[in-house]
2 protein chains.
Amino acid sequence: MLALTWIVANEVALVKRRVSLVRQRAIASVPRTRSTAAQPVRMEDVARAVRVSSITVSRALNTPDKLAPATLRAVRAAIERLRYVPNLTAGSLASNRSHIVAVVVPTIANSIFAETINGLAQTLSQQGYQLLLGQTQYQVEEEAALVDAFLGRRVDGVVLTGVAHARGVRSRLHRAGIPVVETWDLSARPIDMVVGFSNRAAGQAAGRYLIAKGYQSLAFIGGTDDRSAKRLAGFREVARECGAKEVSAVLLPASSSPADGSAAVAGLLAKKAPRAVFCSNDMLAAGVMFECARRQVDVPDRLAVMGFADLPIALGIEPSLTSVQVHATEMGQRAGELLLRRLAGDAVRERIVDLGFAVVERASA
Amino acid sequence: MLALTWIVANEVALVKRRVSLVRQRAIASVPRTRSTAAQPVRMEDVARAVRVSSITVSRALNTPDKLAPATLRAVRAAIERLRYVPNLTAGSLASNRSHIVAVVVPTIANSIFAETINGLAQTLSQQGYQLLLGQTQYQVEEEAALVDAFLGRRVDGVVLTGVAHARGVRSRLHRAGIPVVETWDLSARPIDMVVGFSNRAAGQAAGRYLIAKGYQSLAFIGGTDDRSAKRLAGFREVARECGAKEVSAVLLPASSSPADGSAAVAGLLAKKAPRAVFCSNDMLAAGVMFECARRQVDVPDRLAVMGFADLPIALGIEPSLTSVQVHATEMGQRAGELLLRRLAGDAVRERIVDLGFAVVERASA
DNA sequence: TTGTATGCGTTATCAG
DNA sequence: CTGATAACGCATACAA
C-alpha cells in the first residue's frame, strides 16, 4: 500500500506538471481575456527560471539569510525580471498568518482617533503588518459585525476602541485566540490587553481643576458613548463631593463638530448660565468658544471653557483652550507594540497599560 | 493513460481522506498547542455534521437561494452550533477575489481625507468589501511601497489620493489589471478612473473671488504637495491676469494644523502685509484667524481670509470662514460606486468624474 | 438541488 | 544550504 501510494503520487506529479506546462503556454500565446488580466506569474515560474525549487524562492523572500548568496542573487534577479508579485493571500493560508491587524474606531472623522490609528499604523508597518479599518459610527452594534468580518479574514490581531462592546464580541475574540488590545479606556478585566487611561478619573480631574479655580456652577457637553459617559460621571462625582451645584449636561449623539458645541452652549446660556463648561471634545469646546465670541460672552471671565483630548486647535485657538491631554498617538503605538510582542511569541506581562492624562492649563479656564 | 490517471486520482483521494480522519481525531483529543489555539472548525466539519458535502455549506453561505430551504436551515443551525467562522483567506485564494479595497491617503489626521474614506467605506461595506488603509504621510515614495504591499494582498481595487504618483505606481497598477480610482484631483489620462475636481480651477476661483471683492494684494499659505501646488498655480494665474500684485506664498510641508497657519501669517504680517490670504486648508485658515485675533488684526477689514475644503470649523468659527467646498464625502462614495460597478463586471463609461467645487461666501472674506 | 474532482499559490515539515 | 511532498480551506466547473 505504501509503495502504491508513492507511485501514485509520482504519477500525479507528472500529470500535474504536464498540465502546468500547457497552462503556461496558453498564457504566453493566447490574447489576454480582458484588457489587462491579472498577473499569472507564480513562485513556481520564478523557480523554473532560476532552475531551483519554489521553496527556494520562498526562502529568498522570507528568510534570505538561509540561502547561498549566489542563489539569492539569481532568484532576486528573476523576481525583478518576471515582475513577480508574491501572493500574500496564498501565503496567509499556508502559514496561518495574515500579517493584517484590524482596528475598530467610532469614526476617523474625529481626528483624535485618527491620531491613535497613526501611531498604530506606524508601529505595525515596521514589521510589515497592515491595517484593516472598521468604523462603527458610534453604533455599538456595528462592532459585532465588523469583528465577525475581521475574524473571517483571520486577522492576526484586533485593536478596539473602549472597553464596552457589543454582545458576543468578547467571547468571539476570546475564542479566536488572537491578541486583542482595547484602547481609550481602562478595564480591570480586559478581553486581552488594554492601553488607555481612566475616563472617569479624567472627568474627576477636570472637575477638580475647575472647582479649584473657583467655578461653582458647572456644565458638561459631551457624547452619549460609554467613554464620554464615564467622564461625565467622574465630573459629577467631584462636583457633588465639593458641594458644587448640580452639573447640567448636554449629551449629543456622535458629535464632534464646532456647530454642535455652539448649539449646546446656546441652550445652556439660555437658562441659568453655568460659570464653567467641560466639553468632552476640543472641537465641541471650540464651538462653545465661537458661540461665546458671537454673543460677546467673555471667555474665561464670564464662562470658563475646558476641552478634552488636547487637539492642535486647543493650542491655536484664541484664547487658548485648557484641555485634558490624553496621548492619543502613543496609545496607538503602545497598542501596536503589545500586539507585535505577542505576535512574535513573547509573553506580555503588563496587560493593562495606563497612559494617564494631564490637565493642560491655558487661558480659557 | 487516461484510465490510469483516473484510478490514480481516486487512490490519492482515499489516502487523503484517511489522513484527514487522523488529523481530525488528533484535534479532538490532543491538548491544544498554545493557550487558546485558532478555531479548527472548517467547512467540512459543518458539512459532516449535516451529512452534506462541503460545497453545500459553501452555497449556504454564498448563494443561499440555490439550496432547499430545509437544507439551508440545517446548515445554518450547524454553523451556529459549531461556531463556524468561514475562512475568507481560503475563499479569496480559491475565488481570486479578496473583497478588500485598498485606500491610500496622505494622512487621516487631516479630517478632510477622513471624510472621503468615510464615504468610501460606507459605500463599499454595503457589498461586503473592506478597507485596507495606507498613509503616505505626504512622503510620495511611500506610495510605491504601499501599492506593492496591497497588490501582494491581491486587493480587488485601489483608491489613491491625487494624480501624481511615485515611480512605477502607474505601471504596476496597470499590470495588475484591477480597478483603480484616483481622487482629489482630475487628470485627462487617469490610471483607470478618477473622481475629483480641478485643483487649478479651484485656485483660480479663489483668486477671482478675492479680486472681485476688491483685494489687490494677495498671499497664499499651503502645502508642498502636488494638489496644493496646483491651487497656488491657479491662484497666481488669475492674480497675474487681473493685474494684482505678485502673490507671496508660504509653503509648509505636510501641514494642516492651526499652529502652522498662525506661524505662517505671522511671517506674512511682519513684511508688507497682504490684504487677503488664501489658505489651502481650513485648519490653516483657522490658525491665521486665531493669530489675527491675538494681534488685533481685524478679519476681514484688515486681512481677508479664505480657506479650503469647507470643514465644519469654517461654519463654526467667528467670523465664519469663506471657503471652497469640495464634496469630500461624495468623492469617496463615488469612488466606491465606480469600483463596485467594475467589480460587478459592468463597464464604466464615465471614467473621469468632475465633482466640481463651490466658493462658499461667509464673513471672513 | 446536490455532489465530485480539482486547483488556487504559498509555507511547514521533514529529508538529504 | 536545498528539495520533495503535503497541507492550508475554500470555490469553480462540471456532472448527476
Side-chain angles (χ1 to χ4, degrees), chain A residues 5-6 8-10 12-13 15-17 19-20 23 38-47 50-72 74-75 84-99 152-154, chain B residues 5-20 22-23 26 38-47 50-72 74-75 84-99 152-154:
Chain A
T5 309
W6 193 86
V8 157
N10 249 19
V12 169
V15 172
K16 260 200 182 173
R17 194 162 303 162
V19 169
S20 180
R23 166 154 130 54
Q39 313 174 354
V41 182
R42 297 154 307 161
M43 197 173 258
E44 193 183 328
D45 299 318
V46 176
V50 190
R51 298 180 180 287
V52 295
S53 78
S54 50
I55 190 67
T56 299
V57 178
S58 174
R59 284 198 261 255
L61 258 21
N62 301 322
T63 52
D65 347 307
K66 296 190 174 179
L67 287 192
T71 313
L72 184 55
V75 171
Y84 167 62
V85 180
N87 186 328
L88 302 183
T89 299
S92 295
L93 181 59
S95 67
N96 200 27
R97 284 296 216 100
S98 64
H99 283 262
R153 295 220 182 273
R154 300 299 191 265
Chain B
T5 309
W6 192 87
I7 293 168
V8 157
N10 249 18
E11 279 293 336
V12 169
L14 285 174
V15 172
K16 260 199 181 173
R17 194 163 303 161
R18 182 158 335 125
V19 170
S20 181
V22 169
R23 162 153 132 56
Q39 313 174 351
V41 182
R42 298 154 305 161
M43 196 173 260
E44 195 182 325
D45 299 318
V46 177
V50 191
R51 297 182 182 287
V52 295
S53 77
S54 50
I55 189 66
T56 299
V57 179
S58 173
R59 284 197 261 256
L61 258 21
N62 301 323
T63 54
D65 346 307
K66 295 191 173 180
L67 287 191
T71 314
L72 184 57
V75 171
Y84 168 61
V85 180
N87 186 327
L88 301 184
T89 298
S92 294
L93 181 60
S95 68
N96 201 27
R97 284 295 217 99
S98 64
H99 282 263
R153 295 222 182 272
R154 298 301 190 264

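Proteins get letters first, then strands, A, B, ... in listed order; numbering begins at 1 in each.
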Side-chain atoms of residues 58-65 of chain B: list all donor-acceptor pairs with protein atoms under 3.5 Å, sequence neighbours left out, distances to 0.1 Å.
unit_1, atom_1, unit_2, atom_2, d
S58(B), OG, N62(B), ND2, 3.4
N62(B), ND2, S58(B), O, 3.3

- Using whole Å, report how far NZ of K66(B) lies from C1' of dA11(D). 12 Å

- Under the side-chain contact (heavy atoms from CB on, under 4.5 Å) rule, collect the residues that match up with S95(A), sequence neighbours excluded. R97(A)

- Item | Short side-chain N/O contact to dC8(D) OP1/OP2 from T89(B), under 4.0 Å | no

- Query: For A47(B), what residues pass the side-chain contact (heavy atoms from CB on, under 4.5 Å) criterion, not counting sequence neighbours?
  - Reply: V52(B), S54(B), V57(B)

- Taken to the nearest whole Å, CG/D65(A) to P/dC1(D) is 9 Å

- Below 4.0 angstrom from OP1 or OP2 of dT2(C), is there any side-chain N or O of T71(B)? yes

- Task: Check side chain to side chain donor-acceptor pair (under 3.5 Å) between S98(B) and all other residues, then give those that pass, not counting sequence neighbours.
- Result: D156(B)

- Task: Any chance you could list the contact pattern along nucleotides 10-16 of chain C? Use B for base contacts, S for sugar-phosphate-only contacts and - for none, protein heavy atoms under 4.0 Å, 5' to 3'.
- Result: BBB----

- Query: In whole angstrom, what separates N96(B)'s CG from dA11(D)'s C1'?
  - Reply: 11 Å

- Query: How close do R153(B) and H99(A) get, heavy atom to heavy atom, and via which atoms?
  - Reply: NH2-O, 3.0 Å

- Residues forming a side-chain contact (heavy atoms from CB on, under 4.5 Å) with A90(A), sequence neighbours excluded: N87(A), L93(B)

